[in-house]
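Note that the coordinates shown come from a computational prediction; the quantities given were computed from them, not determined experimentally. Throughout, a chain's letter reflects where its sequence line sits, starting with A, and its residues are numbered from 1. Because only heavy atoms are used, hydrogens play no part in the values below, and waters and symmetry mates are left out as well, while side chains stay in.
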2 protein chains.
Amino acid sequence: MALEERRVTVANEKKIDQVILGLLSHESLTGYEMKKRIDTMLKYFWSASYGSIYPALNILEKEGLVSKCETKENGRDKIIYTITDEGKIHLKEWLELPVVKDELRYETMLKLFFGCEVGKNITLTHIQNFEDKIKSELPYLQGAVNTLSHLQEEDTHKYYMLTAMFGEKVYKAYLEWCEEARKVLDGVENE
Amino acid sequence: MALEERRVTVANEKKIDQVILGLLSHESLTGYEMKKRIDTMLKYFWSASYGSIYPALNILEKEGLVSKCETKENGRDKIIYTITDEGKIHLKEWLELPVVKDELRYETMLKLFFGCEVGKNITLTHIQNFEDKIKSELPYLQGAVNTLSHLQEEDTHKYYMLTAMFGEKVYKAYLEWCEEARKVLDGVENE
DNA sequence: TGGCTCATGTAATCTGTTACATGATTCT
DNA sequence: AGAATCATGTAACAGATTACATGAGCCA
C-alpha cells in the first residue's frame, strides 16, 4: 500500500467544544465567565483551563457555531459569545449520540492500590485528604440541590439538578467508603 | 529577558510510569499482562492503552527503574519486566507525595447537564445506558470484594480490597441516582 | 500603593489514544 | 481452516495543561 493512501481516521471528539456550546445554549457568556461556570457548576464531573477555552472559542467562531460581540462593560473590555443556529444544531447532534466513555482517573485510588509499598499510615493520610476535600465541597452541592428543587419553573434547572444530585449522592458514598476503609486498615500493620 | 533564559518548568507526572511500577511491585509481568491487570483490577478508576504502556516500559528500562528478561513461554516470545531497587524507591517517593488531583470526566453528566436542548427521552436513554453498564460491571466488583475479604493473609490484598470496596460503594450510589433521576424527569415534559 | 479580581490570550510541551502493523499460538 | 487470543510495537495526532505575558479596574 502506498504511503499516501494510508487512511488516518483518528476520532475527533473535542469535548471542550460541546462544553462551550452547552454553556452558551443556556446564556451568552465571555470566556472568563465560562471558566467560572465550569469551576462551580460542572466541577464535580468536568474541568477545563483557559488554555483550552480561548483557542476553542476562536475556532468555533470561525466555523460559525458561535458569534462574538466585543463590548465594554464597567470600563472593561469583554468578548461576549452567543451560540448560533448552526451551533445549536451541532450541539443537539452531539447530545443525541450515545456516550462514548466516562473517563475516571482517581489518583487517590492508584495510591491506595499500591499502598502496601509504603504502609498504613501514609495510606490513612491519603484517605484523610480525600475525605477533607469531599467534606468541604459537599455543602455547596447540597445547597445547589436544595435551591434547584425549589425552582420549579424552568426545565433547564431540572437538568442541572440531576447532575447536582449525582454529585451529592456520589460524594456521600465517598464519605461512607472513607469510614469503612479505615476499619479495614485497622487490621493491617504499618509496613 | 533573553529567550534562552526563559525557564520551562512543566510538571512531569507521567502516571503510566507509576502504574507500571506499582503493578511490578506486586509481581513481574509482561506489557500485555499489565494491560490485562489494568483492564480488570484498575478498571473502575484507571485506564491505559498499549500505546502508552510499551513506550513507557522502554524508557523505564533505560532509566534503570525496571529490568527486562526476554524469554520464550509455550513457544511464545515474551518480555518479562521486573522492578529494580531504584524503581521501588521511585515508586515509594511518589506514593508518599500527596494526591495532586483526581480527574473525572463523566461524559454522561455533560450530556445530562445540557439535556434540556434535546429533551427528556434522549436524557432517559443516556441514563438507561449508564445504568446498564454499571449493572453489568457491579457483580464482578462484588465478587472481588467477597474473595478478597476471605484472603486474610497478604496485606497486598487488603489494599486492593479498599479500591474494590470503593468501586462497589460508588457503583451502588450510581444505581440509586439512576432511580431518583428518573423520578425527577417524571415532572418534565419532553422538549 | 499594593494586591486581588476581571479579562484575554499564546507557546511549549506533556501525556495519552487511535489506528496501523506483524506474527505466533490456541481454540473450535 | 478460521477465529480469537497472545504478544509487541510505532506513527500520527488529539486534546489538554502549564507557565508566561499583558493590562485594566477595584478595594483596603
Side-chain angles (χ1 to χ4, degrees), chain A residues 1-20 29-40 46-61 66 68-81 100-101 103-105 107 110, chain B residues 1-20 29-40 42 46-61 68-81 100-101 103-105 107 110:
Chain A
M1 194 203 294
L3 252 184
E4 56 266 49
E5 275 185 73
R6 190 174 154 196
R7 184 133 305 227
V8 177
T9 31
V10 173
N12 185 17
E13 270 285 316
K14 250 204 149 196
K15 301 218 194 73
I16 185 66
D17 288 354
Q18 314 300 343
V19 172
I20 289 171
L29 297 165
T30 67
Y32 189 80
E33 287 167 333
M34 290 176 203
K35 170 74 170 149
K36 283 278 135 87
R37 296 281 187 287
I38 295 166
D39 288 347
T40 52
W46 208 265
S47 61
S49 64
Y50 289 123
S52 68
I53 294 169
Y54 286 115
L57 281 169
N58 280 317
I59 294 166
L60 287 170
E61 203 258 331
V66 305
K68 64 165 141 179
C69 168
E70 289 170 64
T71 58
K72 193 166 270 214
E73 249 174 60
N74 309 103
R76 273 195 177 99
D77 286 328
K78 281 187 180 202
I79 304 173
I80 299 169
Y81 290 90
V100 176
K101 201 173 189 287
E103 280 179 68
L104 315 181
R105 286 171 116 84
E107 195 188 321
L110 218 45
Chain B
M1 197 201 292
L3 251 183
E4 56 266 49
E5 275 185 72
R6 191 174 153 194
R7 185 133 302 228
V8 177
T9 30
V10 173
N12 185 17
E13 270 285 316
K14 248 203 151 195
K15 302 220 193 71
I16 185 65
D17 289 353
Q18 313 300 343
V19 172
I20 290 172
L29 297 165
T30 67
Y32 190 81
E33 288 167 331
M34 290 176 202
K35 169 77 169 147
K36 283 276 134 86
R37 296 281 187 290
I38 294 166
D39 288 348
T40 52
L42 308 192
W46 209 265
S47 62
S49 63
Y50 290 123
S52 67
I53 294 169
Y54 286 114
L57 281 170
N58 280 318
I59 294 166
L60 287 171
E61 202 258 333
K68 65 165 140 180
C69 168
E70 289 170 65
T71 58
K72 193 167 269 216
E73 249 175 59
N74 309 102
R76 271 195 178 98
D77 286 329
K78 282 187 180 202
I79 305 173
I80 299 170
Y81 290 91
V100 176
K101 201 174 188 290
E103 281 179 67
L104 315 180
R105 286 170 118 83
E107 195 188 320
L110 218 46

(request) Would you check, one step at a time, whether the test side chain to side chain contact (heavy atoms under 4.5 Å, CB included) holds for A:I53 with A:I38? (result) CA-CA 11 Å; A:I53 294 169; A:I38 295 166; 4.1 Å; yes
(request) State which of D:dA16, D:dT10, C:dT17 makes the closest approach to the side chain of A:K15. (result) D:dA16
(request) Look up atom OG1 in A:T30 and atom CD in A:E73, then write down how far apart they are to the nearest 0.5 Å. (result) 9.0 Å
(message) With a 4.0 Å limit, can you tell me whether A:S49 has a side-chain N or O closer than that to the phosphate oxygens OP1/OP2 of D:dA16?
(response) no
(request) Report the distance from atom CH2 of B:W46 to atom P of C:dG16, rounded to the nearest whole Å. (result) 7 Å
(message) I'd like to check B:K68 versus B:N58 (side-chain heavy atoms, cut-off strictly below 4.5 Å). Are they in contact?
(response) yes
(request) Provide, to the nearest angstrom, the distance between the NZ atom belonging to A:K72 and the P atom belonging to D:dG23. (result) 14 Å
(message) Measuring from atom OH of B:Y81 to atom CE of B:M34, what distance do you get when rounded to the nearest 0.5 angstrom?
(response) 7.5 Å
(request) Please report, rounded to the nearest Å, how far the P atom of D:dG15 is from the CZ atom of A:R105. (result) 15 Å
(request) When you get a sec, tell me which of C:dT15, C:dT10, D:dT17 is the closest nucleotide to the side chain of B:K14? (result) C:dT15
(message) Is there a side-chain contact between B:K78 and B:C69 in this structure, where contact means two heavy atoms from C-beta onward sitting under 4.5 Å apart?
(response) no
(request) Mind calculating the distance between CD1 (B:I53) and C1' (C:dT18) to the nearest angstrom? (result) 14 Å
(message) Please report the distance, rounded to the nearest Å, between CD1 in A:I16 and C1' in D:dT17.
(response) 12 Å
(message) Between C1' on D:dA14 and CD1 on A:I59, what's the gap in Å once rounded to a whole number?
(response) 12 Å
(message) Would the distance check show the side chain of B:K35 and the main-chain N or O of B:S49 forming a donor-acceptor pair, the cut-off being under 3.5 Å?
(response) no
(request) Let me know the distance between CD of B:E103 and P of D:dA16, rounded to the nearest Å. (result) 11 Å
(request) Quick one, give me the B/S/- string for nucleotides 4-9 of chain C, reading 5' to 3', where B means a protein heavy atom under 4.0 Å from the base and S means that only happens at the primed atoms, P, OP1 or OP2. (result) -BBBBB
(request) Would you check if A:L110 and B:Q18 make a side-chain contact, meaning some heavy-atom pair closer than 4.5 Å? (result) no
(request) Would you kindly give the CD-to-P distance between A:E107 and D:dT17, to the nearest whole Å? (result) 15 Å
